[in-house]
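Quick notes on the structure that follows.
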Amino acid sequence: MSLLIKGGTIVTAVDEFVGDILVEGEKIVAIGQNLNLSAEKVIDAAGKYVLPGGVDQHVHYSFDFKGQRVRGFETSNAAIVGGTTTVIEFVNQEHGKGIAETIFEYDKKEVADVAMVDYAYHGVVCEPSDELFKEIADLPGKGLPTIKLFMAYKGQPYHSDDEALFKALKAAKEAGVTVMVHAENADVIDILQKECLAKGLTGPYYHAESRPPLVEIEATQRAIHLAQMAEAPIYIVHVTAKEVMETIRNASNNGTPVYGETCTHYLMLDKEDLAKPNFEGAKYVCSPALRTEKDRKALWEAVNQGWLNSVSSDHCGFNWQDQKHMGVNDFTNIPNGSPGVENRLGILWTYGVNKGRISRQRFVDLYATTPAKINGLSHRKGHIGVGYDADIVIYDPNHKSIISAETSLHGVDFNIYEGFEQEGKVDKVLLRGKLMVDDGLFIGEKGDGQFVPGTAYGLCYESLKKEKQAQPVNV
Ligand code: URP
Ligand code: ZN
Ligand code: ZN
């Protein structure tokens with residue numbers, strides 16, 4: 001099947017021009033202006049933006065918090081309707097199993113037949129045995145070039161201590177695997193949570209009070225120091241606070257290969273949302289906690305300047321009525337995480353691009369191109385170029401809507417952006433050449449998504465260090 005997308009404004013991370021794209025089967029085969037080529041199907045994209053499909057490198061379709069599990073890949077039509085064509089899912093290593101074994105069993109049982117977007121995986125270290133550290137060397141060969149460790153969540157099976165993190169960094173460096181960390185000081189949080197509860201402070205607001213920015217700052221500094229001692233690159237997920245971003249920026253400017261992402265909700269929402277009455281605040285319980293206007297401003301500047309490399313959703317489909325309410329008498333039992341995969345593009349476009357905080361090129365880089373690179377998918381994903389997968393979003397800028405749980409597909413009973421205006425609409429989405437979204441409506445099928453093996457990005461310490469040292473220093 002051949003398809004010609006005609007006359008749209010094509011936006012990449014580096015340029016923007018009115019042009020045509022020819023798709024043959026699953027791939028982009030030609031890009032040009034006034035392409036004099038015929039195709040079986042033609043899409044007129046005049047007046048619209050033609051963007052690479054989004055890559056959301058931080059989603060949870062299998063996360064478990066104290067026995068509460070998120071909605072799975074059966075809700076991944078929400079991702080593609082929102083303009084994301086590839087998600088990267090965190091899979092917790094199961095008891096007594098290796099990372100690859102856990103991931104591919106999960107893939108077979110719960111993902112391959114239902115996914116409606118392409119996907120890749122990060123393995124989460126839960127049992128840091130010698131065997132596991134040996135396994136890290138084999139992961140890139142299986143298309144799994146990234147692992148994650150949770151410094152937070154004391155008492156949960158996925159919490160890791162410094163010994164595990166340091167050993168993982170050393171093993172990962174040898175293998176060309178990128179280590180991602182959730183950086184918060186778990187012991188301090190545990191003490192602060194107990195202090196709140198002992199004083200009868202049990203509501204959602206105390207989630208934030210017991211996780212102040214310093215727990216994130218301290219853990220980020222520690223993670224970076226561990227990475228420096230292991231001479232390994234490190235990637236800090238969901239950065240929320242100004243000082244955390246500055247820590248990463250300073251270490252990076254001093255030649256350490258440290259990278260960071262933030263998430264849409266940290267750019268948009270506030271700690272005060274946790275104080276909403278009638279337990280509404282529980283909808284906003286995620287970790288690290290939401291911060292303040294000062295932090296949001298700093299994060300927008302950081303994503304614009306490249307001090308943080310990508311914007312993810314950290315999507316977690318927990319229901320408010322029956323799942324978030326587990327913590328109605330004790331905020332420490334509120335499942336951590338909120339949905340957002342459907343709204344990432346619309347929010348970044350409306351409140352980033354249209355408010356002049358980031359350019360369209362920077363937007364594409366943050367939501368597609370760099371996340372593809374970091375995760376070893378940039379040979380196929382995150383860019384509009386000849387030879388790339390035909391994952392394409394046609395965005396109609398002349399449209400306004402109001403975000404609401406009622407019209408969301410993520411399968412839960414709330415939306416953290418309820419009532420926010422969205423400018424523009426994801427009109428059409430192609431996934432490897434197949435039209436999955438038409439006039440904003442999902443028309444694909446379960447199982448259309450495929451596993452995309454990642455290649456070792458080669459966050460090779462020595463070469464990256466040299467590259468960084470050669471760059472001018474931002475102060
Ligand atoms: O609150 C969050 N972020 N939940 C998902 C798990 C994690 O920490 O990334
Ligand atoms: Zn996390
Ligand atoms: Zn997460």
Side-chain angles (χ1 to χ4, degrees), residues 56-72 79 84 87-93 119-126 146-160 165 179-186 189 193 204 206-208 210-211 213 215-216 219-220 223 234-241 244 260-269 271 273-274 281-291 308 310-320 323-324 326-327 331-341 344 371 374-375 410 412 414 416:
D56 191 339
Q57 65 172 7
H58 190 151
V59 302
H60 299 276
Y61 286 117
S62 58
F63 184 63
D64 181 295
F65 184 91
K66 299 190 179 179
Q68 296 299 315
R69 201 169 201 249
V70 290
R71 300 288 179 276
T84 287
V87 295
I88 311 185
E89 158 72 358
F90 291 95
V91 181
N92 290 351
Q93 179 197 5
Y119 56 90
Y121 293 113
H122 310 288
V124 177
V125 173
C126 297
T146 49
I147 57 171
K148 179 184 184 185
L149 288 92
F150 284 101
M151 297 168 83
Y153 303 123
K154 187 177 166 110
Q156 296 300 310
Y158 37 85
H159 166 70
S160 283
L165 177 53
V179 174
M180 302 189 152
V181 284
H182 173 143
E184 284 187 295
N185 186 313
I189 292 168
Q193 286 180 332
Y206 296 97
H207 174 73
S210 59
R211 305 179 99 95
V215 300
E216 192 185 344
T220 304
I234 191 160
Y235 197 92
I236 314 289
V237 298
H238 50 39
V239 171
T240 71
V244 176
E261 74 172 7
T262 189
C263 305
T264 338
H265 43 286
Y266 297 119
L267 292 166
M268 296 300 297
L269 303 171
K271 182 180 166 185
D273 288 309
L274 289 155
K283 296 174 179 174
Y284 306 90
V285 166
C286 57
S287 291
L290 298 175
R291 305 290 183 210
L308 294 175
S310 66
V311 180
S312 309
S313 70
D314 198 357
H315 176 82
C316 277
F318 286 120
N319 228 31
W320 181 64
Q323 293 188 297
K324 292 274 188 182
M326 296 302 293
F331 69 89
T332 66
N333 290 330
I334 301 171
N336 283 205
S338 303
V341 71
R344 192 175 62 115
I374 288 162
N375 295 284
H410 54 217
V412 301
F414 70 101
I416 50 174

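Numbering of ligands and ligand atoms starts at 1, following listing order. As the structure is a computational prediction, the values presented were derived from the model and not from experiment. Any value given below was found using the heavy atoms of this structure, including those in side chains, with hydrogens, waters and symmetry copies removed.
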**Request:** Please report which non-hydrogen protein atom sits nearest to atom 1 (O) of ligand 1, along with the residue it belongs to and the distance in Å to one decimal place.
**Result:** S287 N, 2.7 Å
**Message:** Within the structure provided, determine whether Y235 and V181 are in side-chain contact (heavy-atom separation under 4.5 Å).
**Reply:** no
**Salt bridge flag under 4.0 Å for residues R291 and E216** = yes
**Asked** Under 4.0 Å from ligand 1, counting heavy atoms only, is it the side chain of K148, its backbone, both or neither?
**Response** side chain
**Prompt:** So is F65 close enough to ligand 1, meaning a heavy atom under 4.0 angstrom away?
**Reply:** no
**H58 atom (N/O/S) at minimal separation from the Zn ion (ligand 3)** = NE2
**Complete:** The protein heavy atom nearest to atom 4 (N) of ligand 1 is N336 O, 3.0 Å
**Message:** Does only the side chain of C316 get under 4.0 Å from ligand 1, or the backbone, or both, or neither? Count heavy atoms.
**Reply:** side chain
**Asked** How about Q193 and T332: does a side-chain donor come under 3.5 Å of a side-chain acceptor?
**Response** no
**Request:** Report yes or no: does H122 contribute a side-chain atom to a donor-acceptor pair with the main-chain N or O of V179 at less than 3.5 Å?
**Result:** no
**Item:** Enumerated ligand 1 atoms positioned under 4.0 Å from heavy atoms of H238
**Value:** 8 (O), 9 (O)
**Message:** Closer than 4.0 Å to some heavy atom of Y153 - which atoms of ligand 1 meet that?
**Reply:** 1 (O), 2 (C), 4 (N), 6 (C), 7 (C), 8 (O)
**Asked** Is the Lys NZ or Arg CZ of K324 less than 6.0 Å from the centre of F318's six-membered ring, within 45° of the axis?
**Response** no
**Request:** Check each atom of ligand 1 against the heavy atoms of H60 and keep those under 4.0 Å away; list them by number with element.
**Result:** 5 (C), 6 (C), 7 (C), 9 (O)
**Message:** At less than 4.0 angstrom from any non-hydrogen atom of F63, what atoms of ligand 1 do you find?
**Reply:** 5 (C), 6 (C)
**Item:** Heavy-atom nearest neighbour in the protein, as seen from atom 3 (N) of ligand 1, with distance rounded to 0.1 Å
**Value:** D314 OD2, 2.7 Å
**Request:** For the Zn ion (ligand 2), find the closest N/O/S atom on H238 and give its atom name.
**Result:** NE2
**Prompt:** If you measure only the distance, is there a donor-acceptor pair under 3.5 Å linking the side chains of S312 and R344?
**Reply:** no
**Asked** Counting from 1, what ligand 1 atoms have a heavy atom of G337 closer than 4.0 Å?
**Response** 1 (O), 2 (C), 4 (N)
**Prompt:** Are any side-chain N or O atoms of H410 and backbone N or O atoms of F414, one a donor and one an acceptor, separated by less than 3.5 Å?
**Reply:** yes
**Request:** Would you kindly say whether H238 and H182 are connected by a side-chain donor-acceptor distance under 3.5 Å?
**Result:** yes
**Request:** Check whether any heavy atom of F150 sits under 4.0 Å from an atom of ligand 1.
**Result:** yes
**Request:** May I ask you to list the atoms of ligand 1 that are less than 4.0 angstrom from any heavy atom of C286?
**Result:** 1 (O)
**Request:** Measure from the side-chain N and O atoms of T262 to the backbone N and O of V239, and report whether any donor-acceptor pair falls under 3.5 Å.
**Result:** yes
**Item:** Heteroatom of D314 nearest to the Zn ion (ligand 3) (N, O or S, atom name)
**Value:** OD1
**Request:** Please confirm if an N, O or S atom belonging to H182, backbone or side chain, lies less than 2.8 Å from the Zn ion (ligand 3).
**Result:** no
**Asked** So, for H159 and F150, is the gap between ring centers shorter than 6.0 Å?
**Response** no
**Message:** Between D56 and I88, is there a side-chain heavy-atom distance shorter than 4.5 Å?
**Reply:** no
